[in-house]
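Only one structure is covered here, and it is reproduced in the block below.
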Protein chains: 2
Amino acid sequence: MDNSGYYSEHHKFYVAVDCIIFGFDQDGLKLLLIKRNFEPMKGKWSLMGGFLQENESLDEAAARVLYQLTGLREVYLEQLYTYGEVERDPGERVISVSYYALIRTEDYNSDLGKQHGARWFLLDKKPPLIFDHDVMVDKALRRLRRKTRSQPIGFELLPEKFTIPMLQRLYEGIHGKKFDKRNFRKKIFQLNILKKLDEKEKSGSRKGAWLYKFDNKKYNKLEEAGMHFSI
Amino acid sequence: MDNSGYYSEHHKFYVAVDCIIFGFDQDGLKLLLIKRNFEPMKGKWSLMGGFLQENESLDEAAARVLYQLTGLREVYLEQLYTYGEVERDPGERVISVSYYALIRTEDYNSDLGKQHGARWFLLDKKPPLIFDHDVMVDKALRRLRRKTRSQPIGFELLPEKFTIPMLQRLYEGIHGKKFDKRNFRKKIFQLNILKKLDEKEKSGSRKGAWLYKFDNKKYNKLEEAGMHFSI
DNA sequence: CCAAAAGTGTTGACCGTACACCCATGA
DNA sequence: TCATGGGTGTACGGTCAACACTTTTGG
């Protein structure tokens with residue numbers, strides 16, 4: 001089918017994906033950033049990004065870019081927003097589609113990261129980023145806050161076995177405020193999506209905290225029913 | 001600045017915007033659709049769209065496309081999602097950024113519409129659309145539902161002066177269900193964003209219903225304070 | 001034995017929802 | 001006078017937020 005008659009009247013553009021990569025450990029909620037290795041803005045901190053290729057969808061491009069930096073596949077990855085200001089990239093006109101990812105820092109392959117000059121930054125200690133990347137991060141955080149308020153995503157950021165205090169610290173990191181632990185436990189347990197294990201995590205305290213696993217089966221049932229989780 | 005060394009390794013793509021245009025009148029919530037006038041899929045119903053040009057941002061392109069069809073500027077217009085499947089447009093690879101708009105059907109210039117073969121369709125009587133446009137509409141409706149649940153957008157769909165029963169019919173159209181009128185009034189008035197006028201609209205009933213205006217000043221104050229409106 | 005984090009229940013305020021009758025008027 | 005849509009108030013139940021003390025144990 002030749003449609004060059006119609007389509008070819010129009011311009012073509014570079015299309016990129018940029019990934020806002022969230023991670024979580026005992027220090028708090030973090031972002032994975034890289035040192036940009038080409039001009040313009042070479043050497044500045046930046047989100048990990050890459051250009052869309054001919055044979056891949058946007059989702060595939062985002063997954064590829066994420067894989068290149070972290071060695072991870074099958075992670076939580078969601079499209080956020082598309083940035084198309086004419087001068088947003090001073091080098092060339094580039095349309096950038098942003099995605100955010102939630103990964104377990106423990107799974108992350110730091111050798112790959114080193115090759116890209118990547119580093120984790122606590123959210124509130126993040127350096128200024130190039131272009132409109134700060135805006136992208138801000139939007140990602142707002143989306144993450146909204147999503148975690150209505151669905152229990154965020155478990156993607158925790159190790160497979162986790163304690164309630166860890167989960168609470170995660171939610172506090174995401175929302176940037178403290179929650180009452182009695183109310184927090186109440187709401188989490190009401191959802192009935194955790195499986196209690198017969199193990200304790202003893203490194204965080206003398207007493208030790210019980211470990212839990214996320215119960216996918218129960219969660220999927222709940223999701224179909226259309227739950228609401230209000231932290 | 002010449003960056004061709006880096007950027008030019010990559011492919012370029014056609015980028016389009018597609019507009020989901022919502023309107024509202026006494027019949028209910030409607031969508032403005034056009035008959036596509038070029039191949040592939042010529043003659044099929046489609047969202048109004050257009051290709052991104054070299055000198056405009058995505059937001060500008062969406063506003064231009066909307067203006068071309070409706071003659072309206074300064075309408076509520078918000079980016080939704082970007083579609084980049086390789087085969088989504090069988091004619092050529094096109095990345096499409098979707099936007100949704102809320103317009104007053106009374107303001108709409110139907111002459112321009114006719115030139116594009118445009119027609120309003122009640123949401124639940126919409127024909128099947130080309131490509132992934134049905135998915136776009138579905139996503140737009142879900143976004144509209146979510147937004148109108150937390151912010152009183154939707155007033156953009158009403159004439160300047162409107163009655164509470166009209167407003168309720170609008171919200172019922174958006175959410176696809178009936179609300180109790182006492183509770184609806186209570187919640188609307190609690191927001192304190194309406195100005196009661198000294199006029200009645202008498203065409204809808206014998207008794208007549210009081211007309212109201214949306215009070216922008218009060219609304220803006222409220223919005224800063226971070227209100228929540230739960231229908 | 002003590003410091004430090006884990007764990008546990010109750011109450012009051014507010015909000016959402018369900019529900020039924022009178023009002024004004026044109027025909 | 002009556003049919004039609006507009007307009008009004010209350011009571012119950014559930015959910016959210018505030019709040020303080022006991023438990024465990026390594027050092």
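The basis for the numbers below is simple: all heavy atoms, side chains too, and nothing from hydrogens, waters or symmetry mates. Chain A is the first sequence line, chain B the second, and so forth, proteins listed ahead of strands; every chain is numbered from 1.
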> Parallel, tilted or perpendicular for B:F155 and B:F162, by the 30°/60° rule?
Replying inline: tilted

> Tell me: CD of A:E201 to P of C:dA4, nearest whole Å?
Replying inline: 19 Å

> Does A:D180 or B:D180 map to a spot on DNA chain D nearer the 5' end, using the closest nucleotide for each?
Replying inline: B:D180

> Roughly, in whole Å, what's the span from CH2 in A:W210 to C1' in C:dT8?
Replying inline: 15 Å

>> From C-beta outward on A:R169, which listed nucleotide comes closest to its side chain: D:dG9, D:dC19, C:dA6?
In response: C:dA6

> Over how many whole Å does the gap from B:F189 atom CZ to D:dG6 atom C1' extend?
Replying inline: 11 Å

> Does any donor-acceptor pair link the side chain of B:K186 with the base of C:dT17 at a separation under 3.5 Å?
Replying inline: yes

> Think A:K139 forms a cation-pi with A:Y81, using NZ or CZ under 6.0 Å from the six-ring centre and within 45 degrees of its axis?
Replying inline: yes

> Closest to the A:K181 side chain: D:dG7, C:dG9, C:dG7?
Replying inline: C:dG7

>> Once hydrogens and angles are ignored, does a donor-acceptor distance under 3.5 Å link the base of C:dA20 to the side chain of B:R182?
In response: yes

> Looking for any heavy atom pair under 4.0 Å, which part of the strands does B:K187 touch: base, sugar-phosphate only, or nothing?
Replying inline: sugar-phosphate

Can you pull every protein N or O that's under 3.5 Å from an N or O on nucleotides 25-27 of chain C?
| residue | atom | partner | partner atom | Å |
| --- | --- | --- | --- | --- |
| C:dG26 | N2 | B:R206 | NH1 | 3.2 |
| C:dG26 | N3 | B:R206 | NH1 | 3.1 |

> Given axes from five pairs at either end, by how many degrees does the helix from C:dC1-D:dG27 to C:dA27-D:dT1 bend, rounded to 10°?
Replying inline: 0°

> Which sits closer to the 5' end of DNA chain C, A:A209 or A:N183, going by the nucleotide each is nearest to?
Replying inline: A:A209

> Starting at NZ of B:K178 and ending at P of D:dG5, how long is that distance when rounded to a whole Å?
Replying inline: 11 Å

> Between B:E78 and B:R143, does at least one N-O distance fall below 4.0 Å, as a salt bridge requires?
Replying inline: yes

> Could you state the NZ-P distance from B:K177 to C:dG16, rounded to the nearest angstrom?
Replying inline: 13 Å

>> Just verifying a value: how many Å separate A:I20 CD1 and A:S98 OG, rounded to the nearest 0.5 Å?
In response: 4.5 Å

>> I need the CZ-C1' distance between B:F179 and C:dG16, as an integer number of Å.
In response: 12 Å

> Hey, are A:K177 and A:E172 close enough for a salt bridge, meaning a charged N less than 4.0 Å from a carboxylate O?
Replying inline: no

>> The test is side-chain contact (heavy atoms from CB on, under 4.5 Å); show your working for A:F24 and A:L158 and say whether it passes.
In response: CA-CA 7 Å; A:F24 179 73; A:L158 292 172; 3.8 Å; yes

> Any idea how B:Y171 and B:H175 line up, ring-wise: parallel (<30°), tilted (30 to 60°), or perpendicular (>60°)?
Replying inline: parallel

> Starting at CD of A:Q168 and ending at C1' of C:dG7, how long is that distance when rounded to a whole Å?
Replying inline: 12 Å

>> I'd like to know whether NZ of A:K200 has more than 12 heavy-atom contacts from other residues, nucleotides or ligands below 6.0 angstrom.
In response: yes

>> Any salt bridge linking B:R104 with B:E156? Criterion: basic side-chain nitrogen under 4.0 Å from a carboxylate oxygen.
In response: no

>> Any carboxylate oxygen within less than 4.0 angstrom of a Lys/Arg side-chain nitrogen, looking at A:D180 and A:R182?
In response: yes

> What is the distance, rounded to the nearest whole Å, between atom CG of B:L167 and atom P of D:dG6?
Replying inline: 13 Å

